[in-house]
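Position 1 is the first residue of the sequence, and the numbers go up from there.
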Amino acid sequence: MSAIKHHIPDAMLAAYAAGNLPHAFAVVVASHVSLCEQCRVALEAHQAVGGAVLEETVAVAVSSSLKDSIFAQLDASYTPEPVYERNGMFPGPVMEAMKGRAPRWKKLGMGVRQDILSADSNGSVRLLYIPPGQAVPDHSHNGLELTLVLQGSFSDETGRFGVGDLEIADEDLEHTPVADPGDPCICLAATDARLQFRALVPRLLQPLFRI
């Protein structure tokens, strides 16, 4: 894997560690962390600080025996979710979102395909398959969009993004991502609002494709 150049902002890592990110964004952050040693170390630091604060708060609020009883009850009631390991280009968090299955690609046109992994009122997360040299139609954003490269690479007005790189786009960015030559670009993308396409045809097809 090439060196990762585009990382998760510290504030977003802190929100993820605190459990305050919407599910769609949390899947992307977890996937990046599984690929990026730098962000994994930073996340562990946030988690260590949060754990220390929790221990101190519990120690002040209740007696030692009651604290032990509470943690024992939590352990007894916890049912772990299945643990999914990396499968080829797909990190464990992506395999978890797919429930261990292979991608179910649906055509969007011009060779571009997608697989919507989850969608609700808080946002959506999907896999995108973009052939080499193909562009995603020019668009801006009504909210936040996180895009993590799993295979290949793409370039836009802000630079080039390779495997493991994370692009964060907001309302201030209008761009036209283009898959670079070589392998097809496969990305994990999460949004909390519909994109704003400039061209008429993408706008007409947007409700059908749920982008």
Side-chain angles (χ1 to χ4, degrees), residues 4-36 38-39 42-43 46 91 93-94 97 106 108-110 112-130 133-180 185-211:
I4 296 174
K5 299 180 176 65
H6 302 276
H7 301 274
I8 305 168
D10 193 63
M12 186 173 288
L13 273 177
Y16 175 76
N20 292 331
L21 282 185
H23 171 73
F25 292 156
V27 172
V28 177
V29 170
S31 297
H32 175 87
V33 167
S34 74
L35 301 174
C36 178
Q38 176 179 320
C39 289
L43 175 62
H46 281 293
V94 176
K106 293 187 177 180
L108 299 182
M110 305 299 292
V112 179
R113 293 178 271 170
Q114 74 170 357
D115 179 7
I116 300 176
L117 304 183
S118 69
D120 57 28
S121 59
N122 295 316
S124 66
V125 60
R126 70 195 67 221
L127 290 169
L128 291 172
Y129 174 103
I130 310 168
Q134 182 60 48
V136 175
D138 177 58
H139 63 276
S140 57
H141 308 82
N142 289 306
L144 198 64
E145 179 183 35
L146 307 186
T147 305
L148 173 67
V149 179
L150 302 178
Q151 175 184 282
S153 63
F154 73 86
S155 300
D156 66 6
E157 289 78 354
T158 68
R160 179 182 180 276
F161 297 82
V163 174
D165 283 332
L166 178 70
E167 181 178 49
I168 301 177
D170 59 18
E171 296 94 335
D172 296 326
L173 177 63
E174 179 176 343
H175 61 160
T176 307
V178 180
D180 295 324
C185 183
I186 296 180
C187 299
L188 180 69
T191 56
D192 60 0
R194 293 290 180 93
L195 304 181
Q196 288 187 339
F197 289 103
R198 296 308 180 199
L200 177 61
V201 173
R203 291 205 308 269
L204 292 175
L205 295 175
Q206 190 170 13
L208 177 64
F209 294 146
R210 299 162 61 192
I211 298 176

- For Asp138 against Glu174, the heavy-atom pair lying closest together: OD2-OE2, 2.7 Å

Result block: side-chain N/O donor-acceptor pairs under 3.5 angstrom for residues 145-157, not counting sequence neighbours:
unit_1 : atom_1 : unit_2 : atom_2 : d
Glu145 : OE1    : His141 : NE2    : 2.7
Gln151 : NE2    : Pro184 : O      : 2.9
Ser153 : OG     : Arg160 : NH2    : 3.2
Ser153 : OG     : Asp180 : OD2    : 2.6
Ser155 : OG     : Asp180 : OD1    : 2.9
Ser155 : OG     : Asp180 : OD2    : 3.3
Asp156 : OD1    : Thr158 : N      : 2.8
Asp156 : OD1    : Thr158 : OG1    : 2.7
Asp156 : OD1    : Gly159 : N      : 3.4
Asp156 : OD2    : His175 : ND1    : 2.8
Glu157 : OE1    : Thr176 : N      : 3.0
Glu157 : OE2    : Thr176 : N      : 3.4

- Task: With sequence neighbours left out, write down each residue that passes side-chain contact (heavy atoms from CB on, under 4.5 Å) with His7, or none if nothing qualifies.
- Result: Ile4, His32, Cys36, Gln38, Cys39

- First locate atom CG of Asp192, then atom CG of Asp120, and finally report the distance between them rounded to the nearest 0.5 Å. 11.0 Å

- Sort out for me which residue in Val33, Ile8, Val29 forms a side chain to side chain contact (heavy atoms under 4.5 Å, CB included) with Leu43. Val33

- Between Gln134 and Cys185, is any pair of side-chain heavy atoms under 4.5 Å apart? no

- Message: Checking Asp10 now: which residues fulfil side-chain contact (heavy atoms from CB on, under 4.5 Å) with it, not counting sequence neighbours?
- Response: His46

- Query: Is there a side-chain contact between Arg126 and Ser124 (heavy atoms, below 4.5 Å)?
  - Reply: yes

- Message: According to salt bridge (charged side-chain N to carboxylate O under 4.0 Å, His left out), who are the partners of Asp115, at least two apart in sequence or on a separate chain?
- Response: Arg101

- With side chains defined as the heavy atoms from C-beta onward, is the minimum distance between Ile186 and Leu128 less than 4.5 Å? no

- Residues in side-chain contact (heavy atoms from CB on, under 4.5 Å) contact with Pro93, at least two apart in sequence or another chain: Ala30, Ser31, Ser34, Pro91

- Message: Are the side chains of Val28 and Val125 in contact, using a 4.5 Å heavy-atom criterion?
- Response: yes

- Message: Looking at every heavy atom in both Val27 and Ala97, which two are closest together, and how far apart are they?
- Response: CG1-CB, 4.4 Å

- Message: Return the CZ to CG distance between Arg113 and Leu108, rounded to the nearest 0.5 Å.
- Response: 10.0 Å

For residues 13-25, please give each side-chain donor-acceptor pair under 3.5 Å, one per line with the distance, not counting sequence neighbours.
none

- To the nearest 0.5 Å, how far apart are NE2 in His139 and CG in Leu173? 7.5 Å

